[in-house]
Participant: 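Before I ask anything, let me first share the structure, which is written out below as structure tokens.
Below, chains carry the letters A, B, ... as their sequence lines are ordered, and counting in each starts from 1. Because the structure is predicted, anything quoted here is derived from the model rather than measured.
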Amino acid sequence: MPELPEVETIARSLQRHLQGAVITGVAVFDKLRDCPACTDLTAFCAGRKILNVSRRAKYIRVRFDNDTGLILHLGMTGAFSITPDDNQPQRHERVAWTLLDGRRWRFFDIRKFGRVLLCQDNPELDNHPVLHALGPEPFSPALTPAYLQKRLAGRRSPLKPVLLEQDLLVGVGNIYDCEALFAAGLDPRMPACDVTSAQWKCLLKEIRAILTKAIEAGGTHISDFRDVDGSEGKFVQQLQVYGHAGDPCPRCGTPIERLTQGGRSTFFCPKCQCCQIKRR
DNA sequence: ATATTCCCCTGGAAGC
DNA sequence: TGCTTCCAGGGGAATA
């Protein structure tokens, strides 16, 4: 479900709603990946005050008052809600934290690809194994055309699936990958090592612009994305190619095509994005 | 080392 | 109506 803008939107909401809250209990209804058993998670969380909530890549970090914390991942279908506690588990509710002020913080996840990880100390919230190998954030100054060209030297893999690799750069998922390549006019099938410095410059600009716009819109609402308060992202209305197979390209009118790369759908305009394949 | 595939799991939409 | 097939935003492991 969530790419960077969705996770950012949710992390900001959690920060707003949970900062200062004290956890009194935890219920685990259906274990997510790596989620400890209910008794262990309860022992870990009970009595803890939440200092802050932040985002790194597509992970959400919840920092407690005793230098421990949680790392949460939404997988494909994760979502949260925070409401007065009626003590009634809802459909697809996997984990629930009860708060001292009478609220209940729920973690839903239909497909159960989400994760709940424990961090035993403060450094682990920044250096947990799942965070260790991650590439730079999309808005980091460290993310430059030179860095990308160096990392991808010799990589003949198609550009589009490469952009999904979180150890190269983080936060770009399938939707914004397609949208950014369209905006930059680059062929999703071109070898990653053939992207020129000028093309990287353009693509980086488009990735940042699209992520910025999507964050401002509160994310992209596709099927089951919801913010903590239940509101839907509005960016879906701005999607140019994703999910638009057969529709006319907004730029040239050629029908948008869909193809499969690395088992995922790619949407692109075969005319606007077809000029970069080098013959070797 | 790099590249492709397969799997985790559930549900909605489309096709017959 | 009911059954089958395909598809889905992520990520990691297994396989060539």
Participant: Distance between the P atoms of C:dC6 and B:dC6, in whole angstroms?
Facilitator: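 Roughly 14 Å separates the two P atoms.
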Participant: Could you see if A:V170 belongs to whatever hydrophobic cluster contains A:L131? Use Ile, Leu, Val, Met, Phe, Trp, Tyr and a side-chain cutoff under 4.5 Å.
Facilitator: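 Linked within one cluster.
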Participant: Mind listing the closest non-hydrogen atom pair of A:Y147 and A:D167 along with its distance?
Facilitator: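 Scanning both residues completely, I find the closest heavy atoms to be OH-O, 3.9 Å.
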Participant: Output, in order, the C-alpha distance, side-chain angles, deciding distance and verdict of side chain to side chain contact (heavy atoms under 4.5 Å, CB included) for A:I10 and A:V7.
Facilitator: CA-CA 5 Å; A:I10 288 168; A:V7 180; 5.8 Å; no
Participant: Pairs counted only when both distances fall under 3.5 Å, Watson-Crick or G-U: show me the 5' to 3' dot-bracket for DNA chain B, [ ] for pseudoknotted crossings and | for other-strand partners.
Facilitator: .|||||||.|||||||
Participant: Rounded to the nearest 0.5 Å, what separation is found between the CG atom of A:L41 and the CH2 atom of A:W97?
Facilitator: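 Going from CG on A:L41 over to CH2 on A:W97, the span is 6.5 Å.
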Participant: Can you check the distance between B:dC9 and C:dA13, where both ends of the measurement are the P atom (answer in whole Å)?
Facilitator: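 One P to the other, the span is 15 Å.
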Participant: Applying the side-chain contact (heavy atoms from CB on, under 4.5 Å) criterion to A:L203, which one of A:V195, A:L186, A:L148 satisfies it?
Facilitator: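 Among the candidates, only A:L186 passes.
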Participant: Of all the nucleotides listed (C:dC7, C:dG12, C:dG10), which has the minimum atom distance to the side chain of A:S265?
Facilitator: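 Looking only at side-chain atoms, A:S265 lies closest to C:dC7.
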Participant: Say you pick atom P in B:dT5 and the same atom in C:dC7; how far apart are they, in whole Å?
Facilitator: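 Approximately 15 Å lies between the P atom of B:dT5 and that of C:dC7.
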Participant: Heavy atoms under 4.0 Å, any strand shown: does A:G263 hit a base, just sugar-phosphate, or nothing?
Facilitator: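 The answer is nothing, as A:G263 stays clear of every strand by at least 4.0 Å.
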Participant: Nearest-Å distance, CZ (A:F267) to P (C:dC7)?
Facilitator: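 Distance, rounded to whole Å: 10 Å.
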Participant: When the distance from CD of A:E6 to P of C:dG10 is rounded to whole Å, what number comes out?
Facilitator: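 That distance rounds to 9 Å.
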Participant: Given C:dA8, B:dT2, B:dT4, identify the nucleotide with an atom nearest to the side chain of A:P158.
Facilitator: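 Selected nucleotide (nearest to the side chain): B:dT4.
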Participant: Just the rounded figure in Å: distance from P of B:dA1 to CG of A:D167.
Facilitator: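 In whole Å, B:dA1 P and A:D167 CG are 14 Å from each other.
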Participant: Using a 4.0 Å heavy-atom cut-off across all strands, classify A:F108 as base, sugar-phosphate, or nothing.
Facilitator: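 No contact at all - A:F108 keeps every heavy atom at 4.0 Å or more from the nucleic acid.
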Participant: I need the CD-P distance between A:Q261 and C:dA8, as an integer number of Å.
Facilitator: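 Nearest whole value for this atom pair: 13 Å.
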Participant: Measure the distance from CG on A:N174 to P on C:dC7 and round it to the nearest whole Å.
Facilitator: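 Distance, rounded to whole Å: 13 Å.
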Participant: So which pairs with a foot in residues 38-59 of chain A pass ring pair (Phe, Tyr, Trp, His ring centres under 6.0 Å), sequence neighbours left out?
Facilitator: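 Ring pair (Phe, Tyr, Trp, His ring centres under 6.0 Å) check on residues 38-59 of chain A returns A:Y59-A:H73.
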Participant: How close or far is atom P of C:dA8 from atom CG of A:D177, stated in whole angstroms?
Facilitator: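 After rounding, the reported distance stands at 14 Å.
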Participant: Mark up nucleotides 9-16 of chain B, 5' to 3', with B wherever a protein heavy atom is under 4.0 angstrom from a base atom, S wherever such an atom reaches only the sugar-phosphate, and - elsewhere.
Facilitator: BBS-----
Participant: In this structure, is the centre-to-centre distance between the rings of A:F235 and A:Y176 below 6.0 Å?
Facilitator: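 Distance test on ring centres: under 6.0 Å, yes.
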Participant: If you compare every side-chain N and O of A:S157 against the phosphate oxygens of B:dT2 (OP1, OP2), does one of them come in below 4.0 Å?
Facilitator: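 No, because none of the side-chain N or O atoms of A:S157 sits under 4.0 Å from OP1 or OP2 of B:dT2.
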Participant: Mind calculating the distance between CD (A:E3) and C1' (C:dA8) to the nearest angstrom?
Facilitator: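 Atom-to-atom, A:E3 to C:dA8, this comes out as 12 Å.
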Participant: Can you give me the closest heavy-atom contact between A:V95 and A:C35, atom names plus distance?
Facilitator: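 That closest heavy-atom pairing would be CG2-SG, 4.3 Å.
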Participant: So which heavy atom on A:A21 is nearest to which on A:L99, and how close?
Facilitator: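 That closest heavy-atom pairing would be CB-CD1, 4.2 Å.
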Participant: For the residue pair A:F267 and A:Y242, categorise the inter-ring angle as parallel (less than 30°), tilted (30 to 60°) or perpendicular (more than 60°).
Facilitator: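 Aromatic pair A:F267/A:Y242 classed perpendicular.
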Participant: Choosing from C:dC7, C:dG11, C:dG10, which nucleotide comes nearest the side chain of A:R264?
Facilitator: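 The nucleotide sitting nearest to the side chain is C:dG10.
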Participant: Return the value, rounded to whole Å, for the distance between atom CG of A:L169 and atom P of C:dG11.
Facilitator: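 It works out to 12 Å between those atoms.
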